[in-house]
Undergrad: 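My structure is below; once you've seen it, I'll send some questions.
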Amino acid sequence: MTQQTAITRDRLLEGLRDGASEAFERLTALPETEWEKGRYENGWNARQILAHIASIEWTYPRLIEVAREARAEAKPKSESKPAQPASRPASGGILSYNDRQVEKRAGLPVAELIEEFRTNRKATIAAFEAADDDLLATPIRSAGGITGPLATVLYQIAVLHVRVHLDDIVGS
């Protein structure tokens, strides 16, 4: 999928729901002995990757506010220069933010991390069910630098990005 591919509300919500179901099934089936094994060259193990996806999930509904700000700041169509997608940069950069969030969760058991992800995914789904189609089509820029319509950006980070990390945790 390219950044230009528009994602519909139905496809976004289906991806969020199906992704959550798949994640919970695969994560709860992973043997306890696998959680502390290293998965990435930077040292993150499976539990730390789970901490990452649990910690970023709460940020997705906040992208709705980014889109609202972008819509409010958009210049009238009569002006020649198009408005730039709105974004909120992460303090210290996205990698620093991710490391801080994983560190905050260092002592949490796997079951609590799975529950944090589950709770936050429900909030993400509810927020995007309530968002109108115009808002879902508003161009934004995520803290990670992904640009495009809100629905497309969210699909890329909350569905595809999480799926990659899930595969890293439990294998393809």
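Please read all numbers here as calculations on a predicted model, not as lab measurements. We're numbering straight along the sequence, starting at 1.
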Undergrad: Would you check if Ile49 and Trp35 make a side-chain contact, meaning some heavy-atom pair closer than 4.5 Å?
TA: no
Undergrad: Could you tell me whether a side-chain N or O of Thr28 sits under 3.5 Å from a main-chain N or O of Phe24, the two making a donor and an acceptor?
TA: yes
Undergrad: For Arg105, is there an ion pair with Glu116 - N to carboxylate O distance below 4.0 angstrom?
TA: yes
Undergrad: Are Leu166 and Leu160 connected in a single hydrophobic cluster, I mean Ile/Leu/Val/Met/Phe/Trp/Tyr linked by side-chain heavy atoms less than 4.5 Å apart?
TA: yes
Undergrad: Hey, are the side chains of Val162 and Tyr60 touching, using non-hydrogen atoms and a 4.5 Å cut-off?
TA: yes
Undergrad: Could you label the plane-to-plane angle of the His52 and His165 rings as parallel, tilted or perpendicular, counting under 30° as parallel and over 60° as perpendicular?
TA: perpendicular
Undergrad: Run the side-chain hydrogen bond (donor to acceptor under 3.5 Å, both in side chains) test against Glu115 and tell me which residues pass, sequence neighbours left out.
TA: Arg118, Thr119
Undergrad: Roughly how far, to the nearest 0.5 Å, is the CD atom of Gln156 from the CG atom of Leu12?
TA: 11.5 Å
Undergrad: Any non-hydrogen side-chain atom of Arg71 less than 4.5 Å from a side-chain atom of Asp134?
TA: yes
Undergrad: Within a strict 4.5 Å, meaning less than it, do heavy atoms of the Leu50 and Ile169 side chains meet?
TA: yes
Undergrad: Check for a donor-acceptor pair, side chain of Arg9 on one end and backbone N or O of Ala151 on the other, with a separation under 3.5 Å.
TA: no
Undergrad: With a 4.5 Å limit on heavy-atom distance, are the side chains of Tyr155 and Leu150 in contact?
TA: no
Undergrad: I'd like to know whether CD of Glu103 has more than 12 heavy-atom contacts from other residues, nucleotides or ligands below 6.0 angstrom.
TA: no
Undergrad: Are the charged groups of Glu65 and Arg68 less than 4.0 angstrom apart, N to O?
TA: yes
Undergrad: For the residue pair Val153 and Thr147, what are the closest heavy atoms and their distance?
TA: CG2-C, 3.7 Å
Undergrad: Do Arg17 and Ser21 have side-chain N/O donor and acceptor atoms under 3.5 Å apart?
TA: no
Undergrad: Using a 4.5 Å cut-off on heavy atoms from C-beta on, say whether the side chain of Leu63 contacts that of Ile157.
TA: yes
Undergrad: Any side-chain to backbone donor/acceptor pair from Arg121 onto Gly19? Under 3.5 Å, distance only.
TA: no
Undergrad: Less than 4.0 angstrom from a charged side-chain N to a carboxylate O is my criterion; do Glu34 and Arg47 meet it?
TA: no
Undergrad: What are the two closest non-hydrogen atoms of Ala143 and Ile94, and how far apart are they?
TA: CB-CD1, 3.9 Å
Undergrad: Hey, what do you get for OG1 (Thr152) to CZ (Arg11), rounding to the nearest 0.5 Å?
TA: 9.0 Å
Undergrad: Would a distance-only check, ignoring hydrogens and angles, find a side-chain to backbone donor-acceptor pair under 3.5 Å from Ser55 to Gln101?
TA: no
Undergrad: Please round to the nearest 0.5 Å and tell me the distance separating atom CD1 of Ile64 and atom OG1 of Thr138.
TA: 10.5 Å
Undergrad: Between atom CD1 of Ile7 and atom CG of Asp10, what is the distance when rounded to the nearest 0.5 Å?
TA: 11.5 Å
Undergrad: Which atom names give the shortest non-hydrogen contact between Asn120 and Ala54, and what distance separates them?
TA: ND2-O, 3.5 Å
Undergrad: What are the two closest heavy atoms between Ala137 and Pro149, and how far apart are they?
TA: O-CB, 3.8 Å
Undergrad: Are the side chains of Lys37 and Asn45 in touch, meaning some heavy atoms are under 4.5 Å apart?
TA: no
Undergrad: What's the spacing between Thr8 OG1 and Leu13 CG if we round to 0.5 Å?
TA: 8.5 Å
Undergrad: Can you list every ring-ring contact (aromatic ring centres under 6.0 Å, His included) pair that touches residues 123-144, not counting sequence neighbours?
TA: none
Undergrad: Do Leu154 and Leu16 have side-chain heavy atoms sitting under 4.5 Å apart?
TA: yes
Undergrad: State the CD1-CZ distance between Ile53 and Arg163, to the nearest 0.5 angstrom.
TA: 12.5 Å
Undergrad: Going through the checks in order, is the side-chain contact (heavy atoms from CB on, under 4.5 Å) test met by Ile56 and Phe117?
TA: CA-CA 9 Å; Ile56 61 173; Phe117 176 67; over 6 Å; no
Undergrad: Are any side-chain N or O atoms of Ser96 and backbone N or O atoms of Gly93, one a donor and one an acceptor, separated by less than 3.5 Å?
TA: no
Undergrad: One thing to verify: whether Arg39 and Asp167 come together as a salt bridge, which I'm taking to mean a side-chain N less than 4.0 angstrom from a carboxylate O.
TA: no
